[in-house]
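Report on one structure; see the data block that follows.
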Protein chains: 2
Amino acid sequence: MTLSEEDYIKTIYHLSDFNSKSVATNAIAEQMNTKPSSVTDMVKKLSEKSLVNYKKYQGVLLSEKGRLVALSIIRKHRLWEVFLVDKLNFSWDEVHVVAEQLEHIKSDALIDKLDAHLGYPKVDPHGDPIPNKDGVFTKSVKKLISELPVGSQGVCVGVNDSSAAFLKFLDKNKIALGDTFKVLEIEEFDGSVTISTRSGSIRISKQIATNLFLEIVDEE
Amino acid sequence: MTLSEEDYIKTIYHLSDFNSKSVATNAIAEQMNTKPSSVTDMVKKLSEKSLVNYKKYQGVLLSEKGRLVALSIIRKHRLWEVFLVDKLNFSWDEVHVVAEQLEHIKSDALIDKLDAHLGYPKVDPHGDPIPNKDGVFTKSVKKLISELPVGSQGVCVGVNDSSAAFLKFLDKNKIALGDTFKVLEIEEFDGSVTISTRSGSIRISKQIATNLFLEIVDEE
DNA sequence: AATTAATTTTAGACAAAACTAAAAAATTGT
DNA sequence: ACAATTTTTTAGTTTTGTCTAAAATTAATT
Ligand SMILES: [Mn+2]
Ligand SMILES: [Mn+2]
Ligand SMILES: [Mn+2]
Ligand SMILES: [Mn+2]
C-alpha cells in the first residue's frame with residue numbers, strides 16, 4: 001500500500017459513514033483536494049486490488065478487506081494522537097496534521113509497543129474510539145453537554161468554540177480536557193446545567209453547555 | 001524535500017566521511033540499491049537545488065546547505081532511535097529500519113518536543129552523536145575496549161558479536177548496553193582487561209574486550 | 001419529454017523516480 | 001602509449017499519481 005492509496009482508503013471510509021452508503025467521486029475529490037478525474041483513476045486501481053467495490057457512475061464502497069485497511073490506519077492515527085498529547089504535551093488541536101504523517105509508518109511491532117506504552121487507550125484526544133488490532137472498536141458517542149439527560153457521565157473531549165476567551169474561562173473553572181463530568185441537574189428555565197467536576201459541582205450556562213463535548217463511554 | 005531526496009542527501013553525507021571527500025556515483029548506487037544512472041539523474045536534480053556540488057565525472061559533495069539538511073535528518077533518525085529504545089523497549093539492533101521511516105516526518109515542533117521528552121540525549125543507542133538544531137554535534141569516538149588505554153571511560157553502546165551466546169554471557173556478568181565502564185588495568189600477558197561496572201570491578205578476556213564498543217564521551 | 005445542468009469518466013499530457021541499453025569519459029595494465 | 005576495463009553519463013522507457021479538456025452519463029427543471 002502506498003501512502004496515497006492509504007489516504008484514499010481512509011477518506012472513503014470516513015465519507016461512507018461506517019461503510020453504510022456509497023461515496024461519490026466528487027466528494028472524495030473535494031475532501032482530498034484533488035480533481036474528480038484523479039479520483040476515478042485511483043478508484044479503478046483500488047478496485048483492481050479489490051479494496052473497494054466500484055461500478056462506473058455508481059460511486060464506491062470499501063470491501064471488507066478495504067475496511068480493515070482503513071481501520072488499521074485509523075488505529076495508528078489515533079494512537080499517535082494520544083502519544084502526542086499524553087507524552088509530548090501537544091494540545092489536542094495541534095496533533096491532527098502530524099498524525100496524518102505518522103499514520104503511514106509501517107511497523108506492526110511499533111504500533112504494538114506504542115499501544116502498550118500508552119496503556120492501551122480506548123479513545124483518542126478528540127474522543128474518537130481507537131480500533132484494536134482486529135479492527136474492532138466500541139462505537140462511542142460524542143455529545144454536547146446540552147444534549148444529555150440528567151445522570152449522563154462522560155469524559156470531556158472537545159470544544160465547539162476554541163477561542164482564547166472560552167479556553168480561559170474553562171481554565172478558571174477548572175474544566176480541562178480529559179476530566180470526567182456527570183450531569184446532575186438541568187434547569188428548565190434557562191437551560192443551565194449543574195455538573196460534577198474534580199473540584200465539586202458547578203453550574204454552567206446553556207452557552208457553555210453547547211460548547212463542550214463529552215465522550216460517553218459505552219460501558220462494556 | 002521529497003523522501004527520496006532526503007535519503008540521497010543522507011547517503012552522500014555518510015559516504016563523504018564528514019563531508020571531506022567527494023562521493024562516487026557507483027558508491028551511492030550501491031549503498032541505495034539503485035542503478036548508477038538513477039543516481040546521476042538525482043544528483044543533477046540536487047545540484048539544481050544547490051544542495052550538492054557536482055561536475056560531470058567528478059563525483060559529488062554536499063554544499064553547506066546540503067550538509068545542514070543531512071544533519072537535520074540524522075538528528076531526527078537518532079532521536080527516534082533513542083525513543084524506540086528508551087520508551088518503547090525496542091532492543092538497539094531493531095530500531096534502524098523503523099527510524100529510517102520516522103526520520104522523514106516533517107514537523108519541527110514534533111522534534112523539539114521529542115528531544116525534550118527524551119531529556120536532550122547527546123548520543124543514540126549505537127553511540128552515535130545527535131546533532132543539535134543547528135547541526136552542531138560533539139564528534140564522539142566509538143572504540144573497542146581492547147583499543148583503549150588505562151583510565152578511559154565510556155558508555156557501552158554496542159557489540160561486534162551479536163550471537164545469543166555472547167549476549168547471554170554479558171547478561172550473566174551484568175554488562176548491559178547503556179552501562180558506564182572504566183578501564184582499570186590491562187594485563188600485558190593475555191590482553192585481559194579489568195573494568196569497573198555497576199557491581200564492582202571484573203576482569204574480561206581479550207576476546208570479550210574486542211567485542212564490546214564503548215562510546216567515549218568527549219568532555220566539553 | 002426534452003432541455004439544461006451537474007457529475008463522472010475518458011483521453012492525452014506531465015513530473016518524479018526508477019529502469020535498460022548504449023555511448024562517452026576516466027582509469028588501469030602492459 | 002594505447003588497448004582493455006571500469007565508471008559515469010545519455011537516451012529512451014516505465015510506473016505512479018496528478019492534471020486539463022472533452023465526452024459520456026445521470027440528475028434536475030421546465
Ligand atoms: Mn495521511
Ligand atoms: Mn483524532
Ligand atoms: Mn530514510
Ligand atoms: Mn543509530
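Reckoned from all heavy atoms, side chains included, excluding hydrogens, waters and symmetry mates. Quick caveat, the model's predicted, so the values are computed rather than measured. The chains referred to below are lettered A, B, ... by the order of the sequence lines, with proteins before strands, and numbering in each begins at 1.
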Quick check, are the ring centers of A:Phe83 and B:Phe83 under 6.0 angstrom apart?
-> yes

Checking side chain to side chain donor-acceptor pair (under 3.5 Å) for the pair B:His77/B:Asp124: CA distance, chi angles, key distance, verdict?
-> CA-CA 9 Å; B:His77 183 103; B:Asp124 85 0; 5.9 Å; no

Could you check how far [atom1] of [X] sits from [atom2] of [N], rounded to whole Å?
| X | N | atom1 | atom2 | answer |
| --- | --- | --- | --- | --- |
| B:Tyr57 | C:dA23 | OH | P | 13 Å |
| A:Lys55 | C:dT8 | NZ | P | 16 Å |
| A:Met42 | D:dT16 | CE | P | 10 Å |
| B:Gln58 | D:dT7 | CD | C1' | 13 Å |
| A:Glu5 | D:dT16 | CD | P | 9 Å |
| A:Leu46 | D:dT18 | CG | P | 11 Å |
| A:Asp41 | C:dA11 | CG | P | 11 Å |
| B:Met32 | C:dA18 | CE | C1' | 11 Å |

Do the side-chain N or O atoms of [X] get closer than 4.0 angstrom to the phosphate oxygens (OP1, OP2) of [N]?
| X | N | answer |
| --- | --- | --- |
| B:Tyr54 | D:dT9 | yes |
| A:Lys56 | D:dT26 | no |
| B:Lys44 | D:dT9 | no |
| B:Tyr8 | C:dA18 | yes |

Please check if any side-chain donor atom of B:His117 sits under 3.5 Å from a side-chain acceptor atom of A:Asn89, or the reverse.
->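 No, no side-chain donor-acceptor pair sits under 3.5 Å.
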
Shortest non-hydrogen separation from A:Leu148 to A:Ser152 and the atoms involved | CB-OG, 3.7 Å

Which part of the nucleic acid does B:Ser4 contact within heavy-atom distance under 4.0 Å: base, sugar-phosphate only, or nothing?
->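 Counting heavy atoms under 4.0 Å across all strands, the contact made by B:Ser4 is with sugar-phosphate only.
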
When all nucleic acid strands are considered with a 4.0 Å heavy-atom cut-off, which category describes B:Thr34: base, sugar-phosphate, or nothing?
-> sugar-phosphate

Carboxylate-amine/guanidinium contact B:Asp115 B:Lys133, below 4.0 Å |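 Salt bridge flag = no for B:Lys133 with B:Asp115.
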
Between residues 16-31 of chain B and DNA chain D, which residues have a heavy-atom gap below 4.0 Å?
-> B:Ala24, B:Thr25, B:Asn26

A:Val60 pairs by side chain to side chain contact (heavy atoms under 4.5 Å, CB included) with which of A:Ile28, A:Thr40, A:Thr25?
->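 For A:Val60, the side chain to side chain contact (heavy atoms under 4.5 Å, CB included) check succeeds only for A:Ile28.
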
Choosing from D:dT18, D:dT9, C:dT8, which nucleotide comes nearest the side chain of A:Thr40?
->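 Side chain of A:Thr40 sits closest to C:dT8.
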
Could a donor-acceptor pair under 3.5 angstrom be found where the side chain of B:Ser37 meets the base of C:dT20?
->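 Flag set: donor-acceptor pair detected.
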
When the side chains of residues 125-132 of chain B are checked against the rest of the protein, which donor-acceptor pairs come out under 3.5 Å, sequence neighbours left out?
{"residue": "B:His126", "atom": "ND1", "partner": "B:Glu81", "partner atom": "OE1", "Å": "3.1"}
{"residue": "B:His126", "atom": "NE2", "partner": "B:Trp92", "partner atom": "O", "Å": "2.8"}
{"residue": "B:Asn132", "atom": "OD1", "partner": "B:Asp134", "partner atom": "N", "Å": "2.8"}
{"residue": "B:Asn132", "atom": "OD1", "partner": "B:Gly135", "partner atom": "N", "Å": "3.1"}
{"residue": "B:Asn132", "atom": "OD1", "partner": "B:Val136", "partner atom": "N", "Å": "3.0"}

